[in-house]
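These values consider heavy atoms only, across backbone and side chains, with no hydrogens, waters or symmetry-generated copies. The first residue of the sequence shown is numbered 1, and numbering continues consecutively from there.
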Amino acid sequence: MKKVAAVVVTYNRKKLLLENIECLLHQSYDNLDIIIIDNCSSDGTEEALSCYIRDKKIIYHNTCENLGGAGGFHCGIKLACELGYEFVWVMDDDCMPTENALEEFMKSDSELNGQYGFLSSKVLWTDGNVCQMNLQRRTMTKNVTDFSQKRITVVMASFVSLFFKSSTVYELGLPIKEFFIWTDDWEFTRRISRKYLSYVVTDSVVIHKSAQNIGAKIENDSLERLPRYRYLYRNDVYLYRREGIKGFFYELTRINFHMLRILFKAKNKRFKRIGMVIKGTREGIKFKPQIEYPEKKN
């Protein structure tokens, strides 16, 4: 059986993480090791995992600082590749894979004869409806809306249950850790899909236990969370400028639409919110992070 590493990035959500680990330990495809990347949690995560660590049911790595989701996945995928795993399966700590989620990926790997860039799960929310924040993109601008086919060709997907070969990472590079949060998964998957056909495997199902079934919106988010939107707009500009003139105009239209939403829907601090959009956009124009690669074994 082919060996898989499940890479889970966590930060201060030990209760959800423990549930996630149990889901992984009960996968029908069991040639699986679990790598936990802890972004320096302060809620007793390491102590809660002590029995799993002692019994060698997981590989635990504390980053000793909060690297954000992007830094955590960069670290975990790099570790999985350098430990020699053939496949990597990544997810957040609030992702609960159904029992055959990995088995369905392995079936598609066999049926496609390994000819793909990445595979992505169908993501449901806790009420059984499709999770809106994890909808894959069929094109750079259009989401998947029909999950009736066995496999659906996509160009971008989230890190909530993403499956790929280590060889793909050695060829095309790791997620960009400088993204910190937001868009790191879309950039990584788009980098892959520009070269290889990639798919949603609709029989591979996970439950995303996020707080709500909507994506982040700057016009109604709390004031404490506003500074993080700088990363969103900076990273999105980087992603879409790579798509040429079409991507540039799409992002320009999107930014203007977001500012209009702020003007008409925000209940407070409209100009502060607009300022964050402008700040992130300006930074994105000059943002040129380097893509890194795992170290190859001799």
Side-chain angles (χ1 to χ4, degrees), residues 1-39 41 43-63 69 72-110 118-126 128 131 133-134 157-166 169 175 185 188-189 200-210:
M1 294 176 73
K2 298 177 179 179
K3 193 75 169 180
V4 182
V7 173
V8 184
V9 175
T10 191
Y11 180 66
N12 284 344
R13 294 197 294 201
K14 62 182 179 183
K15 184 177 179 181
L16 286 165
L17 176 62
L18 291 170
E19 187 177 350
N20 164 269
I21 291 172
E22 286 301 314
C23 289
L24 291 172
L25 289 173
H26 290 89
Q27 287 295 296
S28 56
Y29 185 94
D30 60 2
N31 199 13
L32 171 70
D33 287 345
I34 304 168
I35 299 175
I36 304 298
I37 303 298
D38 183 355
N39 259 330
S41 295
D43 67 344
T45 289
E46 185 169 359
E47 292 79 4
L49 299 180
S50 59
C51 62
Y52 294 105
I53 298 170
R54 183 186 65 245
D55 296 340
K56 297 183 178 180
K57 291 183 176 180
I58 65 170
I59 299 168
Y60 175 80
H61 177 79
N62 193 318
T63 60
F73 283 114
H74 173 104
C75 175
I77 294 168
K78 182 175 187 289
L79 178 60
C81 290
E82 292 177 353
L83 286 175
Y85 291 95
E86 188 175 353
F87 297 95
V88 184
W89 181 24
V90 300
M91 66 196 73
D92 290 326
D93 52 11
D94 57 355
C95 172
M96 308 303 161
T98 57
E99 187 177 359
N100 67 336
L102 179 55
E103 182 181 356
E104 293 299 333
F105 279 151
M106 299 311 297
K107 286 180 182 177
S108 281
D109 170 75
S110 177
F118 66 81
L119 305 176
S120 176
S121 291
K122 179 181 178 181
V123 185
L124 303 180
W125 197 52
T126 54
C131 195
M133 71 177 67
N134 303 119
S158 79
F159 278 153
V160 177
S161 191
L162 188 77
F163 179 90
F164 47 88
K165 294 169 288 185
S166 294
V169 183
D185 44 10
F188 178 70
T189 53
V200 176
V201 179
T202 55
D203 287 335
S204 174
V205 178
V206 301
I207 311 300
H208 190 187
K209 289 197 170 182
S210 55

Undergrad: Starting at OG1 of T45, measure out to CG of D38 and round the result to the nearest 0.5 Å.
TA: 5.0 Å
Undergrad: Okay, side chain of S28, backbone of E99: is any donor-acceptor separation there less than 3.5 Å?
TA: yes
Undergrad: Is it the case that atom NZ in K3 sees more than 12 heavy atoms from other parts of the structure closer than 6.0 Å?
TA: yes
Undergrad: Measuring from atom CG of D203 to atom CZ of F105, what distance do you get when rounded to the nearest 0.5 angstrom?
TA: 11.0 Å
Undergrad: Say you draw a straight line from CG of N100 to NE2 of H26; how long is it, rounded to the nearest 0.5 Å?
TA: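 That separation rounds to 14.5 Å.
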Undergrad: Backbone N or O of C95 within a donor-acceptor pair of the N20 side chain at under 3.5 Å?
TA: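 Pair found, side chain donor or acceptor close to backbone of C95.
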Undergrad: So, does E22 use its side chain to make a donor-acceptor pair with the main chain of L17 at under 3.5 Å?
TA: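 Not at all, since once roles are kept as given, no pair shorter than 3.5 Å links the two residues.
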Undergrad: Using atom types as modelled and distance alone, determine if a side-chain donor or acceptor of T126 lies under 3.5 Å from a backbone N or O of K209.
TA: no
Undergrad: Specify the closest pair of heavy atoms between N134 and H208, including all atoms of both residues, with the distance to one decimal.
TA: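 Nearest heavy atoms, N134 then H208: OD1-ND1, 2.6 Å.
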Undergrad: Counting N and O atoms only, with roles assigned by atom type, does the side chain of S110 sit under 3.5 Å from a partner on the main chain of K107, one being a donor and the other an acceptor?
TA: no
Undergrad: Which of these passes side chain to side chain contact (heavy atoms under 4.5 Å, CB included) with I77: I35, L162, I37, V169?
TA: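 One option only clears the test, and that one is V169.
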Undergrad: So, the side chain of D43 versus the backbone of R13: is there a donor-acceptor pair under 3.5 Å, distance only?
TA: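 Yes; judged by distance alone, with no hydrogens or angles, the pair exists.
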Undergrad: Just by distance, no angles: are the side chains of N31 and Y29 close enough, under 3.5 Å, to form a donor-acceptor pair?
TA: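 Y29 and N31 do not have a side-chain donor-acceptor pair below 3.5 Å.
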Undergrad: How long is the straight-line distance from CE of M91 back to OG1 of T10, given to the nearest 0.5 Å?
TA: 12.5 Å
Undergrad: Measuring from atom CD of E19 to atom CE of M96, what distance do you get when rounded to the nearest 0.5 angstrom?
TA: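 Spacing of CD (E19) from CE (M96) equals 4.0 Å.
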Undergrad: Using modelled atom types only, decide if a donor and an acceptor are shared between the side chain of S161 and the backbone of S120 within a distance under 3.5 Å.
TA: no
Undergrad: Is a side-chain donor or acceptor of S204 paired with a backbone partner of E104 at a separation under 3.5 angstrom?
TA: no
Undergrad: Please name the residue in the list F118, F188, F159, F73 that meets the ring-ring contact (aromatic ring centres under 6.0 Å, His included) test with F164.
TA: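 When F118, F188, F159, F73 are each tested with F164, the ring-ring contact (aromatic ring centres under 6.0 Å, His included) holds only for F188.
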Undergrad: When rounded to the nearest 0.5 angstrom, what is the spacing between CG in L24 and CD1 in I36?
TA: 7.0 Å
Undergrad: Kindly assign one of parallel, tilted or perpendicular to the pair F163 and F87, based on the angle between their ring planes and the thresholds 30° and 60°.
TA: parallel
Undergrad: Should K14 and S41 count as side-chain neighbours, where that means a heavy-atom distance under 4.5 Å?
TA: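 When only atoms from C-beta onward are counted, S41 and K14 do not touch, as no gap falls below 4.5 Å.
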